[in-house]
Asks: 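Right, I'll just put the structure down here and ask away after.
Keep in mind that the numbers below use all heavy atoms, side chains included, and drop hydrogens, waters and symmetry copies.
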Amino acid sequence: MVWRTFWTAFAVMAVMVVSGVAMAWSATFLFTHPGARDVRVVIDRRTGGAIVAAFAAPESGIKLIKPEPRAEAPERDFDFGLLDPGISGKHAFAIKNTGDETLELKLGGTTCKCTISGVSDSRVSPGKSATMTMEWNTGRYDPKFAQSAMILTNDPLHKQIEFTVKGQIRALVTTEPKEVTLPTIVPCQHGEGEVVVYSQMWPDFEITGASSQLGNLEWTAEPISDPPAHLSASSAKLVKFRFDSPVPFGSFHEQIRLDIKPEGDAESMHHQYVNVSGQALRRLSFYGQAIDGNGVVEFGNLTEGNGKRIKIIAKVRDTDLVISQPDVQVFPEFLKAEFRRHEGEAKGLYELILELPSDLPPCQYNSDPVGRVKIDTHHPRIGEIQLLVQFAVVPRRSLAD
């Protein structure tokens, strides 16, 4: 009797649980909108998303979802592939209204090289479509084309839609690479480089001249019978060039202008610029932990009563490696300096010895004033070299404080 009662009660409870789950699955849950007490928020039982419900007859007890437009654009990007320079084109994009309210379309902004010729219909009924047409010109100088335009809508989920057209433009004439970065140039040696000049339209061309601020520029141009496939070139030439460094040392950035005529067009002249950058070494370079790339020697802060000695290695890069009678001047006068040949068999190596004596009073030469060492090498191409020397002598009592 007891077991029969237990299983009967268990079966009743199971039926109630299953019925509750079924009711919950099919139910629509309504909540009051926090910003408007008369509006209800519906929780969709399939997606779990919150949807603002429209007003309905109170006696019905049902809240209907508010009708809305929906803007769908299956294609938003168009690639026109490879076109000639200076060519105009256009493409129509479809915008469909998949909602249940009228979709309104307005023209937005465009990038400078693209225009919107118009929208076929500014008001699109549910289930209908409109088209937006973009027009463009490829231009003549940029190898890649990418422009966009914007359409504004009253779809609350897609207030604006961006459309893009892109593609590749055949080059009248260009280079590979666009910029040539050269290895470090050693004094008494030339800077040398090469670049491929090619056209994707001309069957052949002639390079008639080259000019630059690079000193003593020399160049040659040789036809390339089988240009690399990725260039899509109709004709190509390998240009080799050499020059004297435009700076005594440090980095430089210059251009070479090539004058180019297409085959069969004696009146036409095109100019192509090649960027050239590199680094030139000093004829007299200094190396050591105490000196930086700008020629500043750092002694650091010395405690009063302590001196310091620094050795820096100097290397001559020239056809003449000898510095026979150097003159050394210092500031302040108590700074000691000696420039001498480095011990060993290697030619062109020297030592700069700098020393601060231990009996110096507190002082600073880190900014204004700053220490200096000037070396007159009497070398015909090196001349005078000046290094800055920074240091300070700190009183003993300041360390205790």
Side-chain angles (χ1 to χ4, degrees), residues 35 41-42 44 46-54 65-179 198-201 229-234 270 272:
V41 177
V42 180
D44 190 278
R46 292 178 294 106
T47 65
I51 304 172
V52 176
I65 298 176
K66 180 182 179 180
E68 291 181 344
R70 285 288 179 269
E72 287 192 6
E75 180 191 35
R76 300 190 184 189
D77 298 287
F78 175 70
D79 190 335
F80 57 68
L82 186 64
L83 290 180
D84 290 344
I87 297 298
S88 296
K90 63 181 180 179
H91 182 74
F93 294 91
I95 306 173
K96 185 177 182 179
N97 183 6
T98 59
D100 47 16
E101 185 61 77
T102 300
L103 176 66
E104 298 179 2
L105 304 177
K106 295 181 180 179
L107 302 181
T110 66
T111 52
C112 60
K113 293 183 180 179
C114 200
T115 59
I116 303 177
S117 61
V119 178
S120 62
D121 195 345
S122 60
R123 294 177 59 83
V124 184
S125 301
K128 302 296 184 180
S129 297
T131 57
M132 186 277 292
T133 302
M134 290 177 62
E135 297 183 355
W136 68 87
N137 187 284
T138 57
R140 291 188 175 273
Y141 302 104
D142 296 327
K144 293 184 178 180
F145 184 94
Q147 303 297 329
S148 61
M150 197 76 67
I151 291 294
L152 308 179
T153 82
N154 64 333
D155 179 353
L157 300 183
H158 303 94
K159 291 290 188 180
Q160 57 186 22
I161 305 175
E162 184 178 25
F163 298 91
T164 302
V165 293
K166 59 184 178 180
Q168 299 286 330
I169 304 172
R170 291 187 179 93
L172 280 177
V173 62
T174 188
T175 64
E176 172 75 18
K178 306 302 180 187
E179 179 172 341
Y198 66 98
S199 172
Q200 294 177 330
M201 298 187 64
H230 72 277
L231 299 181
S232 300
S234 299
H270 296 263
Q272 182 65 33

Asks: Just list the side-chain donor-acceptor pairs under 3.5 Å for residues 118-129, sequence neighbours left out, or say none.
Replies:
{"from": "S120", "atom 1": "OG", "to": "T131", "atom 2": "N", "distance (Å)": "2.8"}
{"from": "S120", "atom 1": "OG", "to": "T131", "atom 2": "OG1", "distance (Å)": "3.4"}
{"from": "D121", "atom 1": "OD1", "to": "R123", "atom 2": "N", "distance (Å)": "3.0"}
{"from": "R123", "atom 1": "NH1", "to": "E104", "atom 2": "OE2", "distance (Å)": "3.0"}

Asks: Which pairs would a plain distance check flag for residues 81-89, meaning a side-chain donor or acceptor within less than 3.5 Å of a matching protein atom at least two apart in sequence or in another chain?
Replies:
{"from": "D84", "atom 1": "OD1", "to": "R170", "atom 2": "NH1", "distance (Å)": "2.8"}
{"from": "S88", "atom 1": "OG", "to": "N137", "atom 2": "ND2", "distance (Å)": "3.1"}

Asks: Rounded to the nearest 0.5 Å, how far does CD of E135 lie from CD of Q147?
Replies: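 If we round to the nearest 0.5 Å, Q147:CD and E135:CD are 14.0 Å apart.
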
Asks: Rounded to the nearest 0.5 Å, what separates atom OG1 in T133 from atom CZ in F93?
Replies: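 T133 OG1 to F93 CZ: 9.5 Å, rounded to 0.5 Å.
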
Asks: Would you compute the distance between atom OG of S148 and atom NZ of K166 and round it to the nearest 0.5 angstrom?
Replies: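 Answer for the OG-NZ pair, S148 versus K166, is 12.0 Å.
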
Asks: Report yes or no: does E72 contribute a side-chain atom to a donor-acceptor pair with the main-chain N or O of I95 at less than 3.5 Å?
Replies: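 Judged by distance alone, no pair lies under 3.5 Å.
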
Asks: From T164 OG1 over to E75 CD, what is the distance, rounded to the nearest 0.5 angstrom?
Replies: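 T164 atom OG1 to E75 atom CD measures 11.0 Å (nearest 0.5 Å).
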
Asks: Please list, chain by chain and in numerical order, all residues satisfying side-chain contact (heavy atoms from CB on, under 4.5 Å) with M150, sequence neighbours excluded.
Replies: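 Per chain and number, M150 pairs via side-chain contact (heavy atoms from CB on, under 4.5 Å) with L152, Q160, E162.
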
Asks: Does a salt bridge link R70 with E68, judged by any charged N lying under 4.0 Å from a carboxylate O?
Replies: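 Looking at R70 and E68, the cut-off is met.
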
Asks: With side chain to side chain contact (heavy atoms under 4.5 Å, CB included) as the criterion, how do H270 and L172 come out once you've worked through the C-alpha distance, each side chain's angles and the decisive distance to 0.1 Å?
Replies: CA-CA 9 Å; H270 296 263; L172 280 177; 4.0 Å; yes

Asks: Contact between M134 and F163 at the side-chain level, heavy atoms closer than 4.5 Å - yes or no?
Replies: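 Yes, side chains in contact.
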
Asks: Out of curiosity, M201 CE to I169 CD1, how far, rounded to the nearest 0.5 Å?
Replies: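 It is 11.0 Å, given to the nearest 0.5 Å.
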
Asks: Looking at every heavy atom in both P69 and T102, which two are closest together, and how far apart are they?
Replies: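 The pair with the smallest heavy-atom distance is CB-O, 3.6 Å.
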
Asks: State, with a plain yes or no, whether a side-chain heavy atom of T174 is found less than 4.5 Å away from one of Y198.
Replies: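 Sidechains of Y198 and T174: in contact.
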
Asks: Would you please classify the geometry between the F80 ring and the F145 ring as parallel, tilted or perpendicular, with 30° and 60° separating the classes?
Replies: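 The arrangement is tilted - the two ring planes meet at 30° to 60°.
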
Asks: Is H91 close to W136 at the side-chain level, that is, under 4.5 Å between some pair of heavy atoms?
Replies: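 SC-SC contact between W136 and H91 confirmed.
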
Asks: Of all the heavy-atom pairs spanning T153 and A71, show the shortest one and how long it is.
Replies: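 Result for this residue pair: CG2-CB, 4.4 Å.
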
Asks: Where is the tightest heavy-atom contact between K96 and L103, given as atom of each residue plus distance?
Replies: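 For K96 and L103, the tightest heavy-atom pair comes out as O-CD2, 4.4 Å.
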
